[in-house]
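Notes follow the structure.
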Amino acid sequence: MEILTTPQELREQCLDWRVAGLTVALVPTMGCYHLGHQSLMRHAGELARRLVVSLFVNPAQFGPGEDLDIYPKNVERDTAIAEACGADVLFTPSPDVMYAPDHATWVDVPEMAKKLCGQSRPAHFRGVCTVVLKLFLLSQADVAVFGNKDWQQQAIIRRMARDLNMPIRIETRPIAREADGLALSSRNIFLAPEERAQALEIQRGLQHAQELVNHGEKDAVLLQKAVLRCWTERLPLGRLDYLVAVHPETLEPVICVEAPTLMACAVYLGKVRLIDNILLYP
Ligand code: PAF
């Protein structure tokens with residue numbers, strides 16, 4: 001595996017592969033790898049002849065007061081994992097080579113970006129789209145793989161790729177979870193033991209919604225209320241950011257669960273903001 005650190009090196013390497021007729025898969029990441037990242041990398045490796053993994057904690061997607069400065073980093077461990085998962089290139093640029101001091105161009109999908117996580121992270125998806133577009137352009141990848149935990153992110157990136165006629169396929173992988181159901185996240189290490197003990201209730205609450213749907217409940221508001229009741233009882237340390245039932249592609253609110261519906265949430269436990277979601281099937 002080669003480690004590349006400048007946009008030009010990545011562009012040249014990927015162009016060489018393209019000229020040689022080799023397809024390229026891309027997995028954009030911010031590092032601190034867990035089994036979820038590994039599943040993205042291994043899957044991506046099966047989709048193309050060459051695999052690029054980017055490891056870049058993108059400052060543009062963090063708002064003021066968010067956890068950019070303390071975002072967990074372990075480049076040595078991540079490098080070993082990326083290599084073991086079959087990466088041909090690990091792209092680890094520094095912020096100053098990714099963003100010129102007078103960087104002034106942004107990519108935004110504003111209607112989708114202001115919903116769900118966008119309510120409390122207003123510039124987040126603009127930062128995500130901008131860096132992801134840069135990575136798509138540099139790698140000219142045939143396929144990029146994202147995780148379903150960040151459902152809104154993958155929905156927005158799909159829309160961006162479609163709207164801008166980008167010749168790239170977007171693939172997703174299921175949420176990787178701890179044995180007790182907590183969605184894997186690089187931020188889980190910041191949970192205090194009592195917060196970690198309650199965190200599994202996030203997923204249990206969402207599963208409760210599916211159980212109610214199985215018993216015939218279709219009213220999205222009633223389903224949300226039932227989940228909130230569960231959390232009030234079993235997740236007293238949690239502070240709700242949002243819980244919504246939306247169309248999985250458009251992210252528009254759903255009134256009645258008559259087709260697969262995304263129920264997505266963000267919950268603070270202490271200072272840690274956890275997101276999770278479930279696709280409810282009627
Ligand atoms: O999901 C992430 O880790 C980031 O948002 C991404 C896609 C790597 C862009 O910085």
Side-chain angles (χ1 to χ4, degrees), residues 4 7 10 25-41 43-44 51-63 66-75 77-79 81-82 85 87 89-99 103 105-109 112-113 116-118 120-139 141 143-161 166 168-176 183-190 264 266 272-277:
L4 304 180
L10 180 62
L26 170 71
V27 179
T29 78
M30 299 208 300
C32 201
Y33 295 148
H34 49 63
L35 289 175
H37 294 106
Q38 295 179 42
S39 128
L40 303 186
M41 294 181 212
H43 181 68
L51 172 59
V52 174
V53 174
S54 66
L55 194 177
F56 177 59
V57 182
N58 173 34
Q61 68 188 71
F62 290 79
E66 289 187 356
D67 55 355
L68 173 62
D69 294 338
I70 55 158
Y71 196 82
K73 289 190 186 70
N74 196 337
V75 179
R77 179 176 169 274
D78 286 348
T79 304
I81 291 176
C85 290
V89 158
L90 183 68
F91 178 53
T92 59
S94 58
D96 53 314
V97 297
M98 286 300 274
Y99 294 102
H103 177 96
T105 307
W106 300 99
V107 190
D108 204 359
V109 187
M112 292 174 82
L116 286 73
C117 289
S120 58
R121 307 188 74 191
H124 173 66
F125 291 109
R126 189 186 80 152
V128 170
C129 285
T130 304
V131 82
V132 167
L133 177 58
K134 279 169 171 280
L135 294 167
F136 284 2
L137 290 171
L138 291 170
S139 66
V143 57
V145 182
F146 296 87
N148 272 343
K149 183 163 79 71
D150 297 289
W151 187 286
Q152 183 177 14
Q153 169 171 280
Q154 61 83 21
I156 289 175
I157 289 168
R158 270 179 208 284
R159 181 68 66 88
M160 171 182 79
M166 293 179 197
I168 190 164
R169 204 166 84 240
I170 308 298
E171 290 230 352
T172 53
R173 298 297 289 158
I175 301 178
L184 293 185
S185 162
S186 307
R187 293 177 168 108
N188 288 352
I189 55 168
F190 295 128
V272 187
R273 184 173 174 280
L274 299 175
I275 57 173
D276 204 343
N277 65 68

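Note that these values count all heavy atoms, side chains included, but never hydrogens, waters or copies made by symmetry. Each ligand, and each atom within it, is numbered from 1 in the order the structure gives.
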Query raised in the report: Shortest non-hydrogen contact from Ile175 to Asn148?
Result: CG1-C, 3.8 Å

Query raised in the report: Residues two or more places apart in sequence or in another chain: which of them pass ring-ring contact (aromatic ring centres under 6.0 Å, His included) with Phe56?
Result: none

Requested in this report: Using side chain to side chain contact (heavy atoms under 4.5 Å, CB included) as the criterion, point out the one residue from Leu184, Asn74, Ile81 that pairs with Tyr33.
Outcome: Ile81

Requested in this report: Show your reasoning for whether side chain to side chain contact (heavy atoms under 4.5 Å, CB included) applies to Gln38 and Leu35.
Outcome: CA-CA 5 Å; Gln38 295 179 42; Leu35 289 175; 4.0 Å; yes

Query raised in the report: If you take all heavy atoms of Pro72 and Ile189, which pair is closest and at what distance?
Result: CB-CD1, 3.9 Å

Report task. Could you tell me whether the side chains of Asn58 and Tyr71 share a donor-acceptor contact shorter than 3.5 Å? Result -> no

Ligand 1 N/O to protein N/O, distances under 3.5 Å:
unit_1: ligand 1; atom_1: 1 (O); unit_2: Gln153; atom_2: OE1; d: 3.4
unit_1: ligand 1; atom_1: 1 (O); unit_2: Gln153; atom_2: NE2; d: 2.9
unit_1: ligand 1; atom_1: 5 (O); unit_2: Gln61; atom_2: NE2; d: 2.9
unit_1: ligand 1; atom_1: 5 (O); unit_2: Gln153; atom_2: OE1; d: 2.7
unit_1: ligand 1; atom_1: 10 (O); unit_2: Gln61; atom_2: OE1; d: 2.6

